[in-house]
Amino acid sequence: MPELPEVETIRRRLASAVTGRRIVGGEAHSSAKFAPATAAIGAAISTVDRRGKYLLLALDDGRDLVVHLGMTGSLALDDSSDPYVRARWQLDDGTTLRYRDIRRFGRIAVVPRGDYASMPTLAAQGPDPFDETFTPDSLWRATRRSTARIKTQLLSQRPVAGVGNIYADEALWRAGTDPARRSITRAQAERLHGAIREVLAQGIANGGTTLRDYRTFDGTTGTNQHALDCYGRHGEPCNRCGTTLVRRVIDARSTTHCPSCQPRR
DNA sequence: CGCAGCGCCTGAAGGC
DNA sequence: TGCCTTCAGGCGCTGC
């Protein structure tokens, strides 16, 4: 479940490994989600950027190689093979960049730079959480345009890009906001804005959260799973007030919250 | 246009 | 022991 901190952790190491390299060969799984990977053959990688959970490898011919890791996707320099490798790019220094994805929820595309019509979530997503355009007011205005539950709004990527199920639970817990609310006050938006930045910055500092499949570019695990206050801790005491954390399902997403710190209404 | 529901995927874990 | 069910969940698509 790579979310922004996991993708950013991968991006930093990926950038130092592949920036400036030319893609001289490659192959991909035949499904429409991965087959476009081979369209990048022949181009060189100028930069490795990130927007929300999407990796953007800018190519020197004016296109972007877009990689979304889905639930179980990972990237590594590794030329070995196993049944879950969905794409492979040979680079001009003799190394091989490998995309592995057990459940195939990820996606690879090659598009003209900035043309994300084929990836509607990327095209419509909100500001990066560390961008100056993400402010308490921008968050509050976004939530006022929607009637969906606040957690579902965060998962939509529209108020801010990069938040998934883990960091949504963490941020809402930190802000003291009930995830099932359909609207929030200006004061709550202020707290939630700060909480989102804090939990994501902490996740990056800890190299990401490894619960099941996530691995860094080097194949190691992150350590943020040891720093979680809320996600997956249902049945355990709240780290702030001691109340037992409760699990419930919100719009088909497993959700943990503190009934005392995150009251209804 | 926004929202809600569904399907995609596969391994791990739990029940009987 | 082994089979079956449930769960994890980001995102694209569809229907209202």
| task | Check every strand shown and say whether A:Arg158 touches a base, only sugar-phosphate, or nothing at a heavy-atom separation below 4.0 Å. | result | sugar-phosphate
| message | Using a 4.0 Å cut-off to any heavy atom of chain A, which nucleotides of DNA chain B are the first and last in contact, reading 5' to 3'? | response | B:dG2 to B:dG11
| query | C:dA8 P sits how many Å from A:Ile250 CD1, rounded? | reply | 13 Å
| field | Donor-acceptor contact below 3.5 Å, side chain A:Asp92 vs main chain A:Arg22 | value | yes
| said: What I want to check is whether the side chains of A:Arg12 and A:Thr9 have a donor and an acceptor closer together than 3.5 Å. | reply: no
| query | Do NZ/NE/NH1/NH2 and the carboxylate oxygens of A:Asp128 and A:Arg50 come within less than 4.0 Å? | reply | yes
| note | B/S/- along nucleotides 11-16 of chain C (protein heavy atoms under 4.0 Å) is BS----
| field | Modelled atom types, side-chain donor and acceptor of A:Ser80 and A:Arg98, under 3.5 Å | value | yes
| message | If I take atom CD1 in residue A:Ile102 and atom P in nucleotide C:dA8, what distance separates them, rounded to the nearest angstrom? | response | 18 Å
| task | On DNA chain B, check which nucleotide each of A:Lys33 and A:Arg182 is closest to and give me the residue with the more 5' one. | result | A:Arg182
| message | Between A:Trp140 (side chain only) and A:Ile184 (backbone N and O only), is there a donor and an acceptor less than 3.5 Å apart? | response | yes
| query | Do A:Lys151 and A:Asp251 pass the salt bridge (charged side-chain N to carboxylate O under 4.0 Å, His left out) test, and can you show the C-alpha distance, the side-chain angles, and the key distance before you say yes or no? | reply | CA-CA 9 Å; A:Lys151 174 169 178 177; A:Asp251 292 334; over 6 Å; no
| Which part of the nucleic acid, if any, lies within contact of A:Arg247, taking any heavy atom under 4.0 Å across all strands shown: a base, the sugar-phosphate backbone alone, or nothing? | sugar-phosphate
| query | Any donor-acceptor pair under 3.5 Å linking the side chain of A:Arg63 with the backbone of A:Ala39? | reply | yes
| task | Mind checking A:Arg86 for me? I need base, sugar-phosphate or nothing, with any heavy atom below 4.0 Å counting as a touch. | result | nothing
| Quick one: CD on A:Glu27 to CD1 on A:Ile41, what's the gap to the nearest 0.5 Å? | 9.0 Å
| task | Pick base, sugar-phosphate or nothing for A:Thr152, based on heavy-atom distances below 4.0 Å to the nucleic acid. | result | nothing
